[in-house]
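Down below is the structure, laid out as structure tokens.
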Number of protein chains: 2
Amino acid sequence: MLDLALLGLLEEGPQHGYELRKRLRTQFGLLANVSFGSIYPALSRLETNGSVETVEGGSPVSLAPPTGSLSGEWAAMRARRRAGTRGRRSKKVYRITTAGREFFLTLLSDSTADDARSFSLRLAFARHMPPEARLALLERRRAQLVQHLTEVVTADDPELDVYARSVAEHTAEGVEQDIAWVDRLISAERANADASAVPNRRRTRRSA
Amino acid sequence: MLDLALLGLLEEGPQHGYELRKRLRTQFGLLANVSFGSIYPALSRLETNGSVETVEGGSPVSLAPPTGSLSGEWAAMRARRRAGTRGRRSKKVYRITTAGREFFLTLLSDSTADDARSFSLRLAFARHMPPEARLALLERRRAQLVQHLTEVVTADDPELDVYARSVAEHTAEGVEQDIAWVDRLISAERANADASAVPNRRRTRRSA
DNA sequence: CGTCGCTATATCGATTCGATATAGTTGTCC
DNA sequence: GGACAACTATATCGAATCGATATAGCGACG
């Protein structure tokens, strides 16, 4: 789970632990409110298995190509202010390796274990997937949500008091809205696939 | 977290591990999709610290063979089974103790650490709280949700591709709906408090 | 007969959490 | 100017939790 998230973020450029956590919190919100006690061991794991490598230097982000995204901009600002001297505590900047990219794609396409958290995570990285995998992910998730609706206690259960009933109702509504969301995404995927399959009339100005 | 859930369920009567897990799944759905690897250690914990006790229930068969020779003892066990000892594997039925009820109320009113999971859990057990504690729980949760909205990445972030943006949007919508839900609950609590404060008249007595 | 599916408890290694320690940088208030 | 809070940054520890797996009993199906 965390490996996938970290590798996905590192796909956008080298970063260090503290920054990775910030981006996990802001980009994935409640879904990935992860503590340092998870991040640093996870980075060590990924380093020992060769998925990432550390980049030396106090302000090493200048080495990264301009694909550096928001965090790169941040670090660049700070580096400029410090004028190249190594500032702050020595940062351990991690960069994803070729083996790491392969591992990332493996994790991404691993169809087992997709709860709410890892589904949203995978979907956020869906641009790295082939279109069939995207559709498969969405439809697997949809099936799970529908399944969940049938298993969950209904709000007309006479055993529940007001509070438990409210929780049950709210949860069920959330699941229904998730299904509607996934349905919209599935439609968009299919429309996109159709557009790609029949590009004769529409624009395809990407090549040239 | 799990202690709270288990004690709360055991407030409604003695149950065994497998059943507790089923009820966690059906009543709290995705919020408490908990594995046996958590439940049984948690029950042991609660038993050693005196919050629960095992009650002899159902049909204790006591079939355990003392040796390791599986195949040999199997026929003997089967014979015993046919001889009239019925019932499944011996259930360990747990019952909450007086100390357990106190511990439950302590956990319930402990204001630290209320993420989405433990908030919903606490709310589902809100009937065991005094009204002030209910209001405090709801308002704490509301503040957290609002706070979360400000910290999260906005959907107009140019860095995000379609998929990441969709996840961000959907998450933000979910948080907004959670806020609306909590607001409804807060209003209901206040109305209830007013009604309790003036029990003589059930009308909307304004300017008596 | 086998074996599949359900109930039921238990354990194991790995992962994750939550708290805490440490330390450098920055701002700011008196 | 210097005390002090706040933020950045990495690391570690014990405990909680997960996910997989093992064991075991029972009913039903063909």
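Here is the naming used below: chain letters follow the sequence lines, and residue numbers restart at 1 for every chain.
- Ring pair A:F28/A:F125 is perpendicular by interplanar angle, where above 60° counts as perpendicular and below 30° as parallel.
- The CZ atom of B:R117 sits 6 Å away from the P atom of D:dC18 (whole-angstrom rounding).
- Non-hydrogen atoms lying under 4.0 Å from DNA chain D are contributed by B:S38, B:R45, all within residues 38-50 of chain B.
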Derivation and outcome, side-chain contact (heavy atoms from CB on, under 4.5 Å), residues A:L138 and A:L123: CA-CA 8 Å; A:L138 289 168; A:L123 182 59; 4.2 Å; yes

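- Looking at heavy-atom distances under 4.0 Å, A:G17 makes contact with sugar-phosphate atoms alone, never a base.
- A 4.5 Å side-chain heavy-atom check between B:L24 and B:L6 finds at least one atom pair inside the cut-off.
- Summarising the geometry, the separation between CG on B:D115 and P on D:dA16 is reported as 16 Å, rounded to the nearest angstrom.
- The CG-P distance, from A:D3 to C:dA14, rounds to 14 Å in whole Å.
- The distance between atom NZ of A:K22 and atom C1' of D:dA6, rounded to the nearest whole Å, is 14 Å.
- Toward the 5' end of DNA chain C, the nearer of the two residues A:F36 and A:L2, judged by each one's closest nucleotide, is A:L2.
- The distance from atom CG of B:L6 to atom C1' of C:dT9 is 15 Å, rounded to the nearest whole Å.
- The salt bridge (charged side-chain N to carboxylate O under 4.0 Å, His left out) check on A:E47 picks up nothing, with sequence neighbours excluded.
- Between the CG atom of B:L20 and the P atom of C:dA10 there is a distance of 13 Å, given to the nearest Å.
- Considering only heavy atoms from C-beta on, A:V167 stays 4.5 Å or farther from A:L160 through its side chain.
- Close to D:dT10, at under 4.0 Å from its OP1 or OP2, lies no side-chain N or O of A:K92.
- Side chain of A:E189 to backbone of A:R134: no donor-acceptor contact under 3.5 angstrom is found.
- Checked against B:E19 for a side chain to side chain donor-acceptor pair (under 3.5 Å), the options B:K22, B:R21, B:H16, B:R23 give a single hit: B:H16.
- The B:Y18 side chain lies nearest to C:dT7 when the options are D:dA9, C:dT7, D:dT17.
- The interatomic distance linking A:D110 (CG) with D:dG19 (P) rounds to 12 Å, in whole Å.
- Atom pair B:R25:CZ and D:dC18:P shows a separation of 12 Å (rounding to whole Å applied).
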